[in-house]
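This structure is a prediction, so every number in the text was calculated from the model and none was measured. We count ligands from 1, going down the list as the structure has it; atoms in each ligand are counted the same way.
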Amino acid sequence: MILFPAFSHASRQVTLAWDANDSKPEGYRVFSRQSGEAYNYDHPIWEGTATTCTLIGLDDFTDYAFVVRAYDGNLESADSNEVRLPSLVAEPEQPEATSSQDDAEDLFLTPVLQTAAFSSADSNDTHLQTRWILTRESDGVCIMDLTSTSDLTELDVPVLMLEDNTTYSWTVRHTSAKGSVSDWSTPSRFTTGTSALDGDGNGIPDEQEVETTIDLDDNGVADAEQEDLRCVYVVDSAGQVAVSAPSGSGVSRITAMEATDLDTIGSVDRMPYDLPLGLVSFRLELEHTGGIARIRIYFSDPAPQSARWIKYDTINGWQDYSVHATFADDGLFVDLEIQDGGFGDVDGVENGIIIDPSGYGIANDSEACSLTDAQSSSGGGGGGCFISNTLWAH
Ligand SMILES: [Ca+2]
Ligand SMILES: [Ca+2]
Ligand SMILES: [Ca+2]
């Protein structure tokens, strides 16, 4: 017996048809199951003498399968071939930006972007991930393109992603666990203000700038006066860290650098590493979009043998980046490779800009793994034990 999937989808009903048995039986029975379940042969969903039936009232978002059997008295045939009626796919509702700073002026440089909760006509579907895109309005350059499975309705824009006095627009879309994708939200926009921390506008917070006596790269030129190097005092320490991007590094300009105040990191008390010189963030403009920056970071205090190169940002949390880092034997510098839109670049997009927050860290022997359960308190922060880049893809 051959069962034909003569589906008609109007208001989720299905018409099945099958060829008649050679010797006319007493009748036919149709059985259904949902995906993952077995047939219950005690309960046909249809029984009759016709060789076609129409089943109504089926759920839009359930997978069904059907077989038919002929019967005569107590005798019942084997199953026909099975035909399937796949679930309809519900597109999640278009997300809506709900950030309080929508259309704001003079905005802080690390705003929090927020959207309404995931919503779908399919009540069995759930929110898998959100893609966040932020664009500089003056030239349409995409500044950030992140897809996150943890920052679903709220995203802390990482430090140094945004510049002073610049208008940005941003949009999001939701992807469901069943793989359907919403429309993009209506773009929302805001304008950043002037940073009070960098009065002279050289890209370094004024209180972190170093005197002309500092020469971490030992080239006889004051670091504060070098074009291809930026140097800062780290917060709460007499130490300094410098980023060097000489010609041949793939970098055309270091546009900003700042040391992070570790107290501003929500999960700081559960940091898996000691960070003797804290974390520094920098923004590089590259010679080629999508290129690799080969830079050197100098330290006033040498990194010990056991040091790892550690990154932290609000999207990915703590990451060990040592695979792209080579420490000097004396521990006074580390060579790093970072790819625009690839490894090590927080903005997630090939746009000629690299944003990197990192520092050397020494594992504190305990608790590296106790963070996972508590990290969510940091408001959209990543955190957890060394989540790698697999948390988000782009
Ligand atoms: Ca400054
Ligand atoms: Ca120097
Ligand atoms: Ca980039």
Examine Asp223 and say whether one of its N/O/S atoms is closer to the Ca ion (ligand 2) than 3.0 Å.
yes
Examine the side chains of Thr135 and Ser169 and answer whether a donor and an acceptor come within less than 3.5 Å of each other.
no
If I take the Ca ion (ligand 1) as the centre, what angle separates the OD1 atom of Asn202 from the O atom of Ile204? Nearest 10 degrees is fine.
90°
Would you name the N/O/S atom of Asp206 that lies closest to the Ca ion (ligand 1)?
OD1
For Asp215, what is the atom name of its N, O or S atom nearest to the Ca ion (ligand 2)?
OD1
Parallel, tilted or perpendicular: which fits the ring planes of His174 and His127, with parallel below 30° and perpendicular above 60°?
tilted
The Ca ion (ligand 1) - closest N/O/S atom in Glu209:
OE2
Please state whether the separation between the Ca ion (ligand 2) and some N/O/S atom of Ala242 is under 3.0 Å?
no
Please give the atom name: the N, O or S atom of Asp198 nearest to the Ca ion (ligand 1).
OD1
Using the ring centroid of each side chain, check whether Tyr39 and Phe31 are separated by less than 6.0 Å.
no
What does the angle at the Ca ion (ligand 3) come to, between atom OD2 of Asp345 and atom OD1 of Asn351, rounded to 10°?
170°
At the Ca ion (ligand 3), what angle lies between atom O of Ile353 and atom OD1 of Asp340, rounded to 10 degrees?
80°
Can you classify the ring geometry of Phe299 versus Trp309 as parallel (below 30°), tilted (30 to 60°) or perpendicular (above 60°)?
tilted
Do Trp18 and Trp46 have ring centroids that are under 6.0 Å from one another?
yes
Centroid separation under 6.0 Å, is that true for the rings of Tyr312 and Trp318?
yes
What is the name of the N/O/S atom in Asp200 that sits closest to the Ca ion (ligand 1)?
OD1
For the Ca ion (ligand 3), does an N/O/S atom of Val349 lie at less than 3.0 Å?
yes
Parallel, tilted or perpendicular: which one describes the rings of Tyr64 and Phe66, with boundaries at 30° and 60°?
parallel
Only one of Leu155, Ile133, Ile353, Val349 passes side chain to side chain contact (heavy atoms under 4.5 Å, CB included) with Met144; say which it is.
Leu155
Of all N, O or S atoms in Asp217, which has the smallest distance to the Ca ion (ligand 2)?
OD1
